[in-house]
Amino acid sequence: MDYTIKLSQYERMLAQYIEQRDERALYKGQKFSRKMLEQHVSPEDVVSMHIEVVKRIIPHVDQKVMDSLEFLLEVMIGYGFAYREHQSLRTRQEQLDAEIDIAANIQKSLVEGEIPSGHGVDIGVISKPAKKMSGDYYHFVQDDHSISVAIADVVGKGIPAAMCMSMIKYAMDSLPDYRKQPGDVLSSLNHVVEQNIDPSMFITMFYGVYHADENIFSFASAGHEPGFFYNHKYDRFEELVAKGSVLGLRRHSNYTEYRLDIEPGDMIILLSDGVTECRTEKGFLERGEIADIIRSEMHSPAQRIVDQVYYNLEMLQDFVLRDDFTLIVLKF
Amino acid sequence: MDYTIKLSQYERMLAQYIEQRDERALYKGQKFSRKMLEQHVSPEDVVSMHIEVVKRIIPHVDQKVMDSLEFLLEVMIGYGFAYREHQSLRTRQEQLDAEIDIAANIQKSLVEGEIPSGHGVDIGVISKPAKKMSGDYYHFVQDDHSISVAIADVVGKGIPAAMCMSMIKYAMDSLPDYRKQPGDVLSSLNHVVEQNIDPSMFITMFYGVYHADENIFSFASAGHEPGFFYNHKYDRFEELVAKGSVLGLRRHSNYTEYRLDIEPGDMIILLSDGVTECRTEKGFLERGEIADIIRSEMHSPAQRIVDQVYYNLEMLQDFVLRDDFTLIVLKF
Amino acid sequence: METRSSVPINNEWDIVQARQLGRQISREMGFGHVDQARITTAISELARNIYLYANNGEITIEPIVNLGKKGLKITSRDKGPGIKDIRLVMQDGYTTSGGLGAGLPGVKRLMDIFKIDSTLEKGTNIVAIKWLR
Amino acid sequence: METRSSVPINNEWDIVQARQLGRQISREMGFGHVDQARITTAISELARNIYLYANNGEITIEPIVNLGKKGLKITSRDKGPGIKDIRLVMQDGYTTSGGLGAGLPGVKRLMDIFKIDSTLEKGTNIVAIKWLR
Ligand SMILES: [Mn+2]
Ligand SMILES: [Mn+2]
Ligand SMILES: [Mn+2]
Ligand SMILES: [Mn+2]
């Protein structure tokens, strides 16, 4: 839009307001302001337009008033500088966002794999990054006799956490087959992490294997947020506690392997601390409250359970995730 | 600063300007504007202050003038919304920058290793990212009989390129020792890249080994920007051409191994296309011009040569790098 | 002051009605000049959102008192298509704003309390409160 | 109009002299009102940089003609400590600006041509040109 057109628009609106002093003219003023912003007109240009129009439409304006407007213009020049910086920041931010989108997609394609559906286990997974890139990680492997599941959380969020997470993925992929027992997996990974990752970065991880032939779930944990075991017989949620130090803390760590007998109707719930550290208006959520939400959806398919928990917690937090959120439910 | 203090400051300055209309008062206005911005005062608040002060210090102002100022205030409200968005964008940008700094540091610690100093070879290296994170990669390994050198460039820049680069580093580290011949190294890496990286991403790489006992430099290239060979005997720069397709293009690629006899006084110059695609006011730089800069510094230590080339090209480009920049010089 | 007033939003000129009402109530409550104008613009944004994305809806404006604090409460209700990804819409600098700083994040930044509840196919409810200082 | 004028910058009030000169020359050349004020502020920023970081220096302002285009050329010269990392200083949103949008990137955005040359321990030269439209 040409300057003279803007000027005469402003003149008409200002004249209308001076004459009628009504809300309609002010609404037009707001729309005009939006249009000026859309066209990247800086604030000092608006003040300058104002000065010109005032000169035209108000006869015999006091010289002092005109001088005062000159002064206002001078002060607004500084806001113009800030405004142009804003434009340029936006451009930079858009570029960064585009880059992060690409990186997040690469990361997603690294993590996402088939969710196993055999051995009579119904599995549901939801994993949502707090920002675009996630520092949470999960992975399933199914073979003729077992389903193994890994869940990990890089301490930290965003881009650096996501970079470390990619490393964990490569390390998992290159583990030899004979090292697939939970305790062994964790101590191998501990070694990789200790050697390759920045000393300020740690990773917590839970690794479990469901042995379908024996109905046993064996697991180990490297300082990871404990999951839940739903005991169908007693109809209660139990803590899935396992001890072990976080990955990357010391050169050699050993991890105890725990075992659980599984019966039909039982459930294993694995999560990252982004689920339990959900901060609501009333403070942190209790772990029991999460169990309660799961209980209320318990008879739905596993995927619906995790979706419902996420939906509920997202709303409780006013749609702001403070940490990456990963929740896995295995229904036996 | 309290509102009443701001207001009375503004009043004094405005009164001074109306009375004297001098540059000094306007300079004070600029400083005031800076102070308001530092305190995150939005533009509509400045206009509102202006209105209040005008009412106070100019007697009998025309009602129409006051009305017109009201209208200006209304228009400025929109600029206030944009201004507050700016504040919040800045905060987000600062967070992102902090994240990227951490990620860039992790990346730097991944790449940086010892630069070999044995076998009578003088080596200089400079590697500068266009943004904070680099998609260029280099790596040296020295053993009793040889020095090997890798230089690679992920097609693309910024965060996604840096993520891929980290992968190359893990892949290089896990190559078995018997696969250290240039052609073999590139075909192994090609396989890793093809399997693990997003299909839209490619990597170019040059890999060379200097066999100190035989004075031979053997090398292969996966579509990488050709380097230079400085032939001391004939006192001329020759192109270090090698054919081979970029990594990740097809599942199986073979790479021809080339060989060069090295004599004292010879130089090998390896670079990424960020060096040759240096765009100046007069268009792209010719490869010959880079050779000329190197020639003019040829008798300095290798590190000084690369530093000087970088310094010269940075200035020619007005201190804006359009691509990651890596330059390696080996002086025999 | 205990009254609560609503404006149905069916066309663009209803936006002006909602603005008028907001300006009047905020003035009566004792909000300063600039805050009156800001609140009016926020109401305008909410009403405009109804007009653009839901066709019909309603803006309610009422003075409230909470623990002795006086505030202005704006409620925006529509039965439109709802918002698919609230996290995305509330994100700053998201392309829809185009640098205008307006839209829902702009309103949220301006107000002291901002609650949004939206269900696909059912509509959107927004409550925003500005305390009187 | 062929004259070229310099102001030595030794103290804060010299900044005002440089502003005055810039405003006068840009007015004589026919720059619009807002552009006069913007150019003045840009000069002010350059002079302030000399005053803050180099103690002494000089601002030169001259009308120039290039292929029939008229322009205002500002040169800032000092023998101060120089700038260590020009790429960093010219980067937007860098913390030194603190959201003021000022500093060298702010001047660069405003002008049509901006050249900087700085040597550690030797000083900084900046040339900036604004064409008259
Ligand atoms: Mn994490
Ligand atoms: Mn976490
Ligand atoms: Mn690249
Ligand atoms: Mn490149």
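In the text below, chain A, chain B and the rest are named by the order of the sequence lines, each starting its count at 1. Model, not experiment: these values are computed from the prediction.
- Using a cut-off of 4.0 Å between Lys/Arg side-chain N and Asp/Glu carboxylate O, Arg21(A) and Glu70(B) are scored as not salt-bridged.
- Proximity of Gln30(A) to Glu74(B): side-chain heavy atoms (C-beta onward) are nowhere separated by under 4.5 Å.
- Of the residues considered (Glu19(B), His60(B), Met66(B), Met13(B)), Met13(B) shows the highest number of contacts with chain A, using heavy-atom pairs under 4.5 Å.
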His50(B) vs Phe71(A), test: side chain to side chain contact (heavy atoms under 4.5 Å, CB included). Steps then yes/no.
CA-CA 9 Å; His50(B) 182 81; Phe71(A) 188 80; 5.6 Å; no
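- Within the 4.5 Å cutoff, no side-chain heavy atoms of Leu72(B) are placed close to those of Val54(A).
- Looking at Met49(A), there are no atoms closer than 4.5 Å to chain B (heavy atoms on both sides), in backbone or side chain.
- The choice from Leu14(B), Ile57(B), Val53(B) that makes the most heavy-atom pairs within less than 4.5 Å of chain A is Leu14(B).
- Of the listed residues Leu26(A), Ile100(A), Ile77(A), the one with more heavy-atom pairs under 4.5 angstrom with chain B than any other is Leu26(A).
- Atom CD1 of Ile159(B) and atom CD of Gln95(A) lie 11.0 Å apart (nearest 0.5 Å).
- Between Glu99(B) and Lys131(A) there is a salt bridge, with a side-chain nitrogen of the basic residue lying less than 4.0 Å from a carboxylate oxygen of the acidic one.
- Within the 4.5 Å cutoff, the side chain of Val65(B) has heavy atoms near those of the Val61(A) side chain.
- The residue among Val47(B), Leu69(B), Asp62(B), Asn105(B) with the most heavy atom pairs within less than 4.5 Å of chain A is Leu69(B).
- Contact between Ser68(A) and Ile18(B) at its shortest, heavy atoms only, is CB-CD1, 4.1 Å.
- More than 12 heavy atoms of other shown residues, nucleotides or ligands fall within 6.0 angstrom of atom CD in Gln63(A).
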Taking it one step at a time, do Tyr10(B) and Val75(A) satisfy side chain to side chain contact (heavy atoms under 4.5 Å, CB included)?
CA-CA 10 Å; Tyr10(B) 193 79; Val75(A) 173; 4.2 Å; yes
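- Using a 4.5 Å cut-off on side-chain heavy atoms (C-beta onward), Gln93(B) and Leu96(A) make contact.
- With a 4.5 Å cut-off on non-hydrogen atoms, Val41(A) touches chain B through its backbone and its side chain both.
- The candidate with the highest count of non-hydrogen atom pairs below 4.5 Å against chain A, out of Pro160(B), Ala103(B), Ala162(B), Gly158(B), is Pro160(B).
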